[in-house]
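The structure under discussion appears below in the form of structure tokens.
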Amino acid sequence: MAKLESKIPSGPLADKWRKHKAEIKLVNPANKRKYEIIVVGAGLAGASAAATLSELGYKVKCFVFHDSPRRAHSIAAQGGINAAKNYQNDGDSVFRLFYDTIKGGDYRSREANVHRLAEVSVNIIDQCAAQGVPFAREYGGLLANRSFGGAQVSRTFYARGQTGQQLLLGAYSALMKMAGQGAVEIFPNEEMSDLVIVDGQAKGIITRNLNTGEVRRWSADAVVLATGGYGNVFNLSTYARGSNATAIWRAYRRGACFANPCYTQIHPTCIPVSGDYQSKLTLMSESLRNDGRIWVPKKKEDCKKDPAQIAEEDRDYYLERIYPSFGNLAPRDVSSRAAKRMCDEGRGVGETGLGVYLDFADAISRFGEAGVRERYGNLFDIYHEITNENAYKTPMRIFPAVHYTMGGLWVDYNLMSNVPGLFVLGEANFSDHGANRLGASALMQGLGDGYFVIPYTIGDYLASQKPGSRPKTDRPEFSQAEDNVRGISKRLLAIDGKEPVAHFHKRLGKILWDGCGMARTKASLEKALQEIPALREEFWKNLKVPGSADNLNQALERANRVADFLELGELLCLDALEREESCGGHFREEHQYPDGECKRDDENFAHVAAWEFQGEGKKPLRNTEPLNYETVKMSVRSYK
Amino acid sequence: MVAESSTSTISVTLRVWRQDGPDKPGRFVVYKATDLSPNMSLLEMLDVVNNELESKGQDPIAFAHDCREGICGTCSMVIDGKPHGPHKGVATCQTYMRSFADGAVITLEPFRAKPFPVIKDLITDRSAFDKIQQAGGFISVRTGAAPDANSIPVPKDAADLAMDAAACIGCGACVAACKNASAMLFVSAKVGQYSLLPQGQPERDRRVLAMVASMDDLGFGNCTNQYECSAACPKLISHDFIARMNRDYLAASFRQALSPKSAAASGGA
Amino acid sequence: MSLLGNLFRSSVGRKFLMAVTGFVLACFVTGHLIGNLQIFANPDHINGYAHFLQSLGPALWAVRGVLLACVLIHIWAAVTLAMENYAARGGQRYDNHKWLSATVSSRYMRQTGVVVAVFIVYHLLQFTVGTAQAATFKTHLPEYTMTESFHVMGIPVVPAGAKVYDVWSMVYLGFSNVWVSLFYMFAIGLLTFHLWHGIDSMFQTIGWRNAKWSNCLRRVVGIFCLLYFLGNIAIPGAVLAKVIHPPANTAAAQVCPASSTCPYLNANLK
């Protein structure tokens, strides 16, 4: 049974981080270069961590499966990044950002972590602005803000619709600076395939070079995983095609606890699926909801009609109707579920019946087409590119899609997992968003973890390790892990069945979307828990992976990842089944208020569920970490 | 693989460059893709072709892709003679089959340039771009050392123009489109972004000199001002940034040669 | 790297050298054209002008030295850059290549450059050194007696009555050869084409071009090139079309009476 010590510092909430920083151990500057740190992933969290750790003097090796650290999927975040700067003088503060994030997460995150996130948010903006991130500005030259994702203050900083890209390129530039100085070694096209544990501590990784197939061993004093979320377990999502859970999943199999896997976020404004061939869902920025109105026909028989032919009184602006005070800006999970309910009632639009209208007719009559174009032109263009429809003339069709995973590897306040020496940052960990993430918070967390948390907290661990004590890679733990990696590829290549990897990924996605998507029931989860092992068995019997493991083999890459998803999917359903409540992104139909809102069970489920691997074919162990709320009172999250 | 959409389907013939490895010879191989929905993206069409190849135990066509929404810069390939395909201002992943006529023959080639060696089929190694970045594509600011963000006002026009340059996704289409395989648009976008911002001024001269030197060393060609780069750029980055970089480079060269420097500059405790 | 290192070794530096030398050469050919257009005036003008230039002595050689240096640097930079460009493209060419935005003139800079270089050599041999079409070279023609004095900026530099080389006749007789004239017009056409991209490109290389005025620049360069082309072909054109006739006091009038064709040259060239 894993020891889940959250290590939350004592004292008043607002002083915890300051106090902690003052109390944790430091590494002597002359000793820092004697420690080697492996960072896996170079998204916002990984790149910022690798750059900052090397600035401190540690020797850093950074591994990415992409061909360049600049490709990580953080780059696709559109909307913005929150920070409690209160530059707008509209009453924002660290506490308010903290409170909004806790409430947004439906009271399922740690107070201390979230407060720290809100504290460092202001430093992130300073750091990024100094790096030359071209944030939007006002004419006076100062930073512009917008209100985003249902927040009642304007605290979101942005760079057009490409905030993630700009922040990532900022972190990437810092990483490149350090790489140029030789302080960080970058290993592109190198996918982490296993974690090496020596004497109970994470001391290395095994990688497979995707271009050459070479499997290599790396030892280090500490391992940092910043490998992103696992949303691609659903196959169709807004994630990049390459995003995968292999690094965290194989760490899980080595003993790291996986916390709250069932907390997945479904984003309300994506372009609906158009066909079976679909590889990816495209997000339309949530900012569209600032001016667009969401509706479906009141009558089922109107659904296939041209929307222009549906009279105003026959339209149901359901978000405005159900949530009069937040209206179209209701939080992501709330709006997504509402859209699903409309479609379940048979009032969905579009060919598949899985879509709702996002209508700009009112906005166009208010600001004119030019005004709308100025605000959202690029999004309308994207929409046109994908659907070949002109959203200035006919309403957009949108539908929710998997977008983010709040769950991830369990970490303590220092962002260290229950495996000593294994740190997990950004979306890959579970720590800050509870059961639902607010808009513009993911970028904040990734950069906060990488720039301002891990550089302090990793020292506390390293100070307990003798400089130069990292193990040699010829130890049996390394050879065992390497054999494991080679063995998986070998087994996949040996199946010699009939179906390509995509076939199984699609089916897994369908099982999860139906059984463990926006709304879950005991029955749907139990069904999924029957289907996934069966599918997994079929996968290992009927998969066809051509080629060999000794060169670039994209089919093998995908097979490796899907093999892990087939296990992770089961854990996701198991977690969802055992969490007998609804909270944030986890909606159990059995647990709802009469108006369809999430009904939490704070008495029995105000805790983190951290799953521990027990061996092949055995049910994982569900450990819990209670969530102690000292400052905020848990209450019913209401956006009415 | 019949499309669900009720619109009629199309079929195309693909001529795909297949090459086993960096130093192996390559050749065009012809594939048929039938019953395609026009709403399918070109990469989804390749997925379909690859699924068939895989289930037959044949080597799928290797192509680079990731985000599939035109921002990560991973997807490459030259489609019918144009990097990123027929449309302006989009990446390969944003190219849809409705852009091609039923029965069309589509030629798919990798980006071709000496500094971008082919790894396999349509995948090329673009790590040269990272090396150029390492030479100077940054503003040196240690984490934690930054002043308050609003203490450095940036005129809106400068910030907007810097954003135009910063939109670069590092895909390398500029190099692929240039008959000289020049990386000037890529380099100038980075140099331009920082030279427009007050934060970038302290290292302005060092940066442009170092990045151009690195670009030259890596074997990219030279600009002949034909602007194929900006025409192929999926983010429509203007070649005005090349002019700006030329100016910056020359000014930096003259300043470096002519402006006085402290003799004690290398000292310190 | 030093300043010279940057200018002579880096890509941007060498392009700067090309732009600067190109600018000097473009200024020269423009000035040269303006000087030559005096052919349409009384022979006193062009002959006096030529005599004045010859009389500059060391200054003339200094200018020639600069021009030669510019030509050599321009060609050297072009050759090294082009070789690098070729190498950078790599061994495998595109099977299918489409031009996206490059102007036609920009696509043939190397070809036009080579023809222009050959033309310059011939042009110098014909009108400066005198080894091509030697029979009509100025030193082989009877001297011309100035009827009026020639002024530069109001200062009389060649007095009336002075005996000077008959450049007017040399040009007239030189262009009376149809093939020479056609080659000249062809070469000028290519030079204009070269300038069309070159001048526009020069602004880009130096960094003085942007979207705000690049359209305007393109038009100005286009108009300039058109005028340059018309001005240049006007001279052989006028000779061939017999728009101009040798005045009686020129050498050309003696060998080619205005009313007849000019068999003189064609016979001599064979």
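All values below come from the heavy atoms of this structure, side chains included, with hydrogens, waters and symmetry mates left out. The structure displayed is predicted, hence computed values, not measured ones. By convention in this document, chain letters (A, B, ...) are assigned in the order of the sequence lines, proteins followed by strands, and residues within each chain are numbered from 1.
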With a 4.5 angstrom heavy-atom cut-off, which part of [X] approaches chain A: side chain, backbone, both or neither?
X	answer
B:Arg98	side chain
B:Ile123	side chain
B:Ala167	both
B:Asp47	side chain

* To do: State which residues pass side chain to side chain contact (heavy atoms under 4.5 Å, CB included) with A:Leu236; sequence neighbours excluded, sorted by chain then number.
  =>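 Once residues adjacent in sequence are excluded, the partners of A:Leu236 under the side chain to side chain contact (heavy atoms under 4.5 Å, CB included) criterion are A:Val273, A:Gln278, A:Leu281.
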Less than 4.5 Å to any heavy atom of chain B: does that hold for the side chain of [X], its backbone, both, or neither?
X	result
A:Gln78	side chain
A:Ser48	neither
A:Lys498	backbone
A:Gln554	side chain

* Asked: Who wins among A:His503, A:Arg160, A:Glu138, A:His73 for the most heavy-atom pairs under 4.5 Å with chain B?
  ->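 Heavy-atom pair counts peak at A:Arg160.
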* To do: Would you please classify the geometry between the B:Phe129 ring and the B:Phe116 ring as parallel, tilted or perpendicular, with 30° and 60° separating the classes?
  =>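 Rings of B:Phe116 and B:Phe129: perpendicular, as their planes differ by over 60°.
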* Within 45° cone of A:Phe65 ring axis and under 6.0 Å: A:Arg561 NZ or CZ ->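 Pair A:Arg561/A:Phe65 counts as cation-pi.
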* Tell me, which pairs form a ring pair (Phe, Tyr, Trp, His ring centres under 6.0 Å) where one or both residues lie in residues 122-143 of chain A, sequence neighbours left out? ->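 For residues 122-143 of chain A, and leaving out neighbouring residues, there are no ring pair (Phe, Tyr, Trp, His ring centres under 6.0 Å) pairs at all.
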